[in-house]
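All values below were derived from every heavy atom in this structure, side-chain atoms included, with hydrogens, water molecules and symmetry-related copies excluded. Throughout, protein chains are lettered first and strands after them, A, B, ... in sequence-line order, and every chain is numbered starting at 1. None of these values were measured; they are calculated from a predicted model.
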Amino acid sequence: MCAETPDYKDTLNLPKTDFPMRAGLPKREPDWLARWEKIGIYDRLREKTGRTPFTLHDGPPYANGHLHIGHALNKILKDMVVRSQQMMGKDARYIPGWDCHGLPIEWKIEEQYRTNGKNKDEVNVVDFRQECRKFADGWVDIQREEFKRLGITGKWENPYLTMDFRSERIIAEEFMKFLMNGTLYQGSKPVMWSPVEKTALAEAEVEYHNKESFTIWVKFKVVGTGDATLDSAKVVIWTTTPWTIPSNKAVVYGKDISYGLYEVIGRPEECWATIGERFILADNLASDVMTKARLDETMYRRLCDITQEDLEKIQLTHPLHGTEGANGEWDDIRDFRAADFVTDTEGTGFVHCAPSHGMDEFELYRDLGMLEQVITYNVMEDGTLREDMPFFGGKAILRSKINKKNKNNPWEGDANTAIMSKLAEVDGLLARGVIKHSYPHSWRSKAPVIYRNTPQWFAAIDKPVNDQRDNYGKTIRERALRSIDDMVTWTPQTGRNRLYSMIEARPDWVLSRQRAWGVPLTCFTKKGALPTDDDFLLRNEEVNARVAKAFEAEGADAWYHEGAKERFLDGIVDPDDYTQVFDILDVWFDSGSTHAFVLRDREDGSDDGMADLYLEGTDQHRGWFHSSMLQSCGTRGHAPYRGVLTHGFTLDEKGMKMSKSLGNTVAPDEVVNQYGADILRLWVAQSDYTADLRIGPEILKGVADSYRRLRNTMRFMLGSLADYSQADKTDIHDMPELEQWVLHRLAELDEKVRTGFNAYDFQGVFQAIFNFATVDLSSFYFDIRKDVLYCDGDTPERRAARTVLDILFHRLTTWLAPVLVFTMEEVWLERYPGDESSVHLTDIPNTPKGWRNDELAQKWVQIRRARRTITAALEVERTAKTIGASLEAAPIAYVSDPDLFSALSSVPLADLCITSDLNLTQDTPPAEAFTLDDVKGIAVQFAKAEGEKCERCWKILPDVGTHAHPGTCNRCSDALG
RNA sequence: AGAUCUAUAGUUCAGUUGGUUAGAACAUACGCCUGAUAAGUGUAAGGUCGAUAGUUCAAGUCUAUCUAGAUCUACCA
């Protein structure tokens with residue numbers, strides 16, 4: 001700077017703001033949260049009237065443990081939906097909820113008992129349930145605070161809990177609808193059963209240990225083929241559970257396995273095979289089986305193939321068939337058919353089926369509709385065989401107490417050996433042995449468990465519901481499938497197929513669990529009646545009403561209090577004629593009923609009891625989407641939701657699952673403490689949630705970078721608008737074209753933003769806004785307008801620019817507020833401070849129709865292309881060190897295209913290119929003029945700007961120094977007054 | 001083991017009914033500016049479109065197989 005000219009910097013209108021470049025989000029976010037709580041934002045929004053309601057129904061997380069990143073993703077997405085819908089003019093309600101019942105909590109309490117040396121069985125059920133309730137309550141409070149910290153808005157002080165007394169009442173009432181409409185029935189299925197504890201166990205309560213088991217090869221005689229070769233043969237099966245042999249009902253083979261007929265032609269002394277005996281075996285396993293039967297390869301020969309046609313002809317008899325003293329117990333012909341779970345890698349290639357004691361077999365015969373013929377009730381609760389069973393009645397599969405003398409098999413009872421002896425006696429055994437294998441044991445008693453057919457309660461999926469709500473079909477399945485296609489919008493579309501095929505294929509819904517913490521199946525069965533009898537279940541509205549009333553007042557504990565049965569039945573039926581059911585409802589029934597006690601029954605629910613959206617991870621196709629659909633189809637005839645959005649899972653940076661052992665986890669509170677919740681939210685917004693989402697240190701760093709860029713753009717606007725007033729407000733028609741073009745872009749974007757928000761495409765919306773902010777604003781519009789904003793006095797150009805900045809401010813803050821809830825509030829308060837002020841009370845402003853100007857936009861595409869050529873030409877000189885700043889240049893643009901020429905001559909091209917001057921001509925360009933390959937019709941000849949540098953605006957102009965203020969140009973001198 | 005889904009620069013994403021040289025942004029490198037300054041701005045480099053085979057005049061796009069990852073089932077006689 002020359003010594004004699006004054007420093008004009010203070011005379012400029014430089015951006016002025018206290019808005020910090022660095023956000024300091026982790027420290028400052030809690031203050032904004034406190035503010036919102038004080039203002040009561042959520043309730044304040046509810047006071048706005050005349051808005052169309054939008055209901056996002058919250059899928060309840062399970063109330064145990066701290067939040068992980070998946071919870072954060074889910075709730076942030078929900079929050080962005082709620083906030084964007086609200087700001088687009090809806091009344092967007094959000095009632096957060098928690099799932100409180102169920103095994104994991106029960107389990108935690110049991111664990112506490114164990115460490116304190118208490119025994120669960122000695123604790124009163126009601127006391128136990130109270131402890132579970134307390135535990136859930138504690139975690140609800142913790143999770144609520146963790147969710148709030150992420151900036152999630154909602155009715156936090158009055159959420160819904162599945163364990164609220166009212167919820168428990170309604171869950172029971174919903175269950176009783178199934179009771180009354182006849183879809184509830186008692187059936188049975190094999191479950192993991194601990195004979196020692198006489199209880200069913202869940203998969204989570206089972207641990208696998210090595211156990212020694214007997215292993216036997218058993219002969220089943222072939223009969224009734226009419227083929228002498230086959231009829232003389234025996235099918236051999238292998239099992240490690242001899243105790244299931246009395247319950248055998250069938251044998252199955254594999255469709256793709258090659259079988260052969262083998263004849264014994266020699267034998268050692270100790271052997272259960274006789275010479276001439278013929279066995280059908282899988283070829284891959286024949287030598288293995290023969291070895292176990294002590295036959296070496298010289299002692300048997302393969303006679304022929306056994307084809308699938310042969311197998312189809314075969315029928316079998318049980319080895320105990322016709323045994324004296326068996327009273328015909330095993331005399332029925334055994335079923336024999338193909339099944340796809342049979343392999344020829346282990347055993348014999350044939351699987352013995354006792355469908356009461358194995359899942360594969362049970363499912364096979366369930367799907368065949370033959371359960372009644374194959375289900376047995378041979379094993380009692382304590383693991384003993386049925387008292388009246390021939391030979392083995394009362395024998396125990398497992399001992400009730402451990403026998404430490406039997407070191408190898410301390411729990412072994414007397415049933416297996418008795419059965420093996422009898423089989424050997426009737427020539428039913430080919431071989432036996434012992435093996436060590438991994439076997440399920442009870443987590444509590446450490447004793448082995450068995451699969452045991454157990455009575456369970458089911459909801460029939462294919463039975464007409466008979467409730468006059470048949471618009472979508474008569475049965476639950478029909479209604480569900482029809483709803484999926486006719487009623488529900490799926491985001492992404494693939495979710496539809498997933499649920500459809502699951503519901504299409506699913507069996508009846510097992511509603512009962514043998515547990516303590518949940519809502520009981522509130523029903524009674526008639527003593528002496530069979531499950532198939534019409535009056536087996538007590539169906540009485542008066543009884544139901546009593547139950548509901550009691551639950552409303554006392555919660556589901558009422559079911560467990562002393563004298564509950566008499567309380568509910570006295571005076572209606574004779575309590576002594578009925579048995580009270582003590583099973584617990586599947587927790588998916590609880591959460592499947594949330595639509596009833598939240599959407600239908602709460603004042604702030606929805607008008608028609610339906611949700612506009614359910615939004616959960618893809619795992620909920622089998623979970624909440626599924627159970628809610630079934631429950632609702634059973635009770636109200638159709639889906640409870642109009643829309644379903646599913647998101648993927650969170651993975652680490654390499655796309656691998658997160659796990660503590662790999663050390664690749666990202667905890668939400670860590671992100672919040674390091675970067676702030678807004679960064680986590682921005683990560684959600686810029687990710688494609690329809691697939692799995694990756695997160696890790698590098699990705700978060702990238703997100704924080706984007707955030708900073710955006711933050712500075714906002715900061716620039718704040719600074720330039722510092723003293724903006726209504727006097728600046730300029731009509732669009734009085735604005736330069738550049739400003740009109742910005743408004744056009746805003747009109748375009750507004751549509752994109754609204755369509756995107758309505759399609760829940762936050763990624764698309766954010767990307768569009770972010771691109772606009774960096775490409776159109778920061779590097780183009782702002783860059784150009786800095787000159788006018790800084791240097792002009794109160795000119796129409798400056799007023800127009802500031803009008804546009806003000807408009808931009810309102811658009812950008814409201815568009816981004818659903819994502820960057822904290823930062824946009826911070827930006828908003830910078831201009832609109834006040835105790836009651838908040839961007840979150842504002843709607844996205846409407847866009848005046850006149851802003852859209854496609855013709856102008858077309859023209860400006862041309863202009864920007866020409867500009868690119870000019871700036872590129874300057875870049876060459878910059879690299880050559882001819883110039884530094886672009887204001888040192890005054891290039892000549894040779895434009896041959898007449899349209900382009902007229903377009904360029906209609907705008908202040910030098911300003912747009914940030915040069916001090918620019919000559920536009922239609923002359924033929926000199927050969928050395930600069931061109932870009934992809935821009936036709938313009939060539940640029942570089943020239944340095946002539947004159948002195950204005951000490952105020954830094955433009956180089958010929959008239960500098962000839963005005964009132966020394967060292968200034970005409971404009972600046974005027975501005976200085 | 002089965003069902004479903006995903007795969008494009010270092011990162012996050014575009015890529016129309018198959019049709020020019022696969023596009024942005026961020027990050028990177030090298031510049032410019034020093035009046036958005038722990039900021040702004042320009043230029044460049046960066047891709048066998050997970051792999052292979054096929055259909056086609058033409059494949060990131062359609063088909064098949066494989067690989068990796070994810071979710072849900074099944075983990076057994």
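Arg708(A) comes within 4.0 angstrom of nothing in the nucleic acid, heavy atoms only. Heavy atoms of Arg498(A) sit under 4.0 angstrom from at least one base atom. Backbone-only contact: Asn771(A) has heavy atoms under 4.0 Å from sugar-phosphate atoms and none from a base. Among the protein residues, Phe341(A) comes within range of the nucleic acid bases, having at least one heavy atom under 4.0 Å from a base atom. Here Asn712(A) lies in heavy-atom contact (under 4.0 Å) with a base. Within 4.0 Å (heavy atoms only), Gly884(A) reaches sugar-phosphate atoms of the nucleic acid but no base atom. Note on Gly655(A): only backbone sugar-phosphate atoms sit closer than 4.0 angstrom, heavy atoms only; bases stay farther off. Contacts of Ser778(A) with the nucleic acid, taken as non-hydrogen atoms under 4.0 Å apart, include base atoms. Within 4.0 Å of Lys657(A), counting heavy atoms only, lie sugar-phosphate atoms of the nucleic acid but no base atom. Lys881(A) comes within 4.0 angstrom of sugar-phosphate atoms only, judged by non-hydrogen atoms across all strands, and of no base. Using a 4.0 Å heavy-atom criterion, one finds that Arg868(A) contacts no nucleic acid atom at all. Note on Thr17(A): nothing from the nucleic acid sits closer than 4.0 angstrom, heavy atoms only. Note on Thr241(A): only backbone sugar-phosphate atoms sit closer than 4.0 angstrom, heavy atoms only; bases stay farther off. Heavy atoms of Val252(A) sit nowhere under 4.0 angstrom from any nucleic acid atom.
Cation-pi contact between Arg337(A) and Tyr253(A): absent, since separation from the ring centre below 6.0 Å together with deviation from the ring axis within 45° is not met. A cation-pi geometry, defined here as NZ or CZ lying under 6.0 Å from the six-membered ring centre and within 45° of its normal, holds between Arg496(A) and Tyr500(A). Figure legend: Arg745(A) and Phe772(A) shown without cation-pi pairing, the cationic atom not lying both under 6.0 angstrom from the six-membered ring centre and within 45 degrees of its axis.
Under 3.5 Å, the side chains of Thr823(A) and Tyr707(A) contain a donor-acceptor pair of N or O atoms. Between the side chains of Asn210(A) and His437(A), no donor-acceptor pair of N or O atoms lies under 3.5 Å.
Between U61(B) and G19(B), the two P atoms lie 10 Å apart (nearest whole Å). Across the C1' atoms, U55(B) and C30(B) are found 47 Å apart, a figure rounded to whole Å. Across A59(B) and A51(B), the matching C1' atoms stand 16 Å from one another, rounded to whole Å. Taking atom P in both C75(B) and G60(B), the straight-line distance is 44 Å, to the nearest Å. Remark: the separation of the P atoms in U6(B) and U48(B) is 23 Å, to the nearest Å. Comparing U67(B) with A29(B), their P atoms sit 40 Å apart, to the nearest whole Å. Comparing the C1' positions of U12(B) and U52(B) gives an interatomic distance of 29 Å, to the nearest angstrom. Spacing between U56(B) and A14(B) at atom C1', rounded to whole Å, works out to 26 Å.
The outermost nucleotides of RNA chain B lying under 4.0 Å from heavy atoms of chain A, listed 5' to 3', are U4(B) to A77(B).
RNA chain B is contacted by both Phe780(A) and Glu698(A); Glu698(A) maps to the nucleotide lying nearer its 5′ end (nearest heavy atom per residue). Along RNA chain B, the nucleotide closest to Thr713(A) and the one closest to Tyr439(A) are compared, and the more 5′ of them pairs with Thr713(A).
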Could you provide the dot-bracket string of RNA chain B, using ( ) for intrastrand pairs, [ ] for crossing pairs and | for bases paired to another strand, with Watson-Crick or G-U pairs below 3.5 Å? (((((((..((((.....[...)))).(((((.......))))).....(((((..]....))))))))))))....
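For an aromatic pair to be called close, the ring centres must be under 6.0 Å apart, and His318(A) with Phe220(A) satisfies this. Checked against the 6.0 Å centroid criterion, the rings of Phe942(A) and Phe930(A) do not qualify as a close aromatic pair. In this structure, the ring of Tyr689(A) has its center no less than 6.0 angstrom from the ring center of Tyr760(A).
We find that Arg865(A) and Asp934(A) are not joined by a salt bridge, their nearest charged nitrogen and carboxylate oxygen being 4.0 Å or further apart. We find that Asp792(A) and Arg971(A) are joined by a salt bridge, their nearest charged nitrogen and carboxylate oxygen being less than 4.0 Å apart.
Distance CG/Leu700(A) to CD/Glu653(A): 7.5 Å, rounded to 0.5 Å.
Of the residues in residues 873-880 of chain A, those lying under 4.0 Å from RNA chain B by heavy-atom distance are Glu875(A), Arg878(A).
At distances below 3.5 Å, not a single donor-acceptor pair connects side-chain atoms of Thr646(A) with backbone N or O atoms of Gly617(A).
Within a 6.0 Å sphere centred on NZ of Lys234(A), heavy atoms belonging to other residues, nucleotides or ligands number more than 12.
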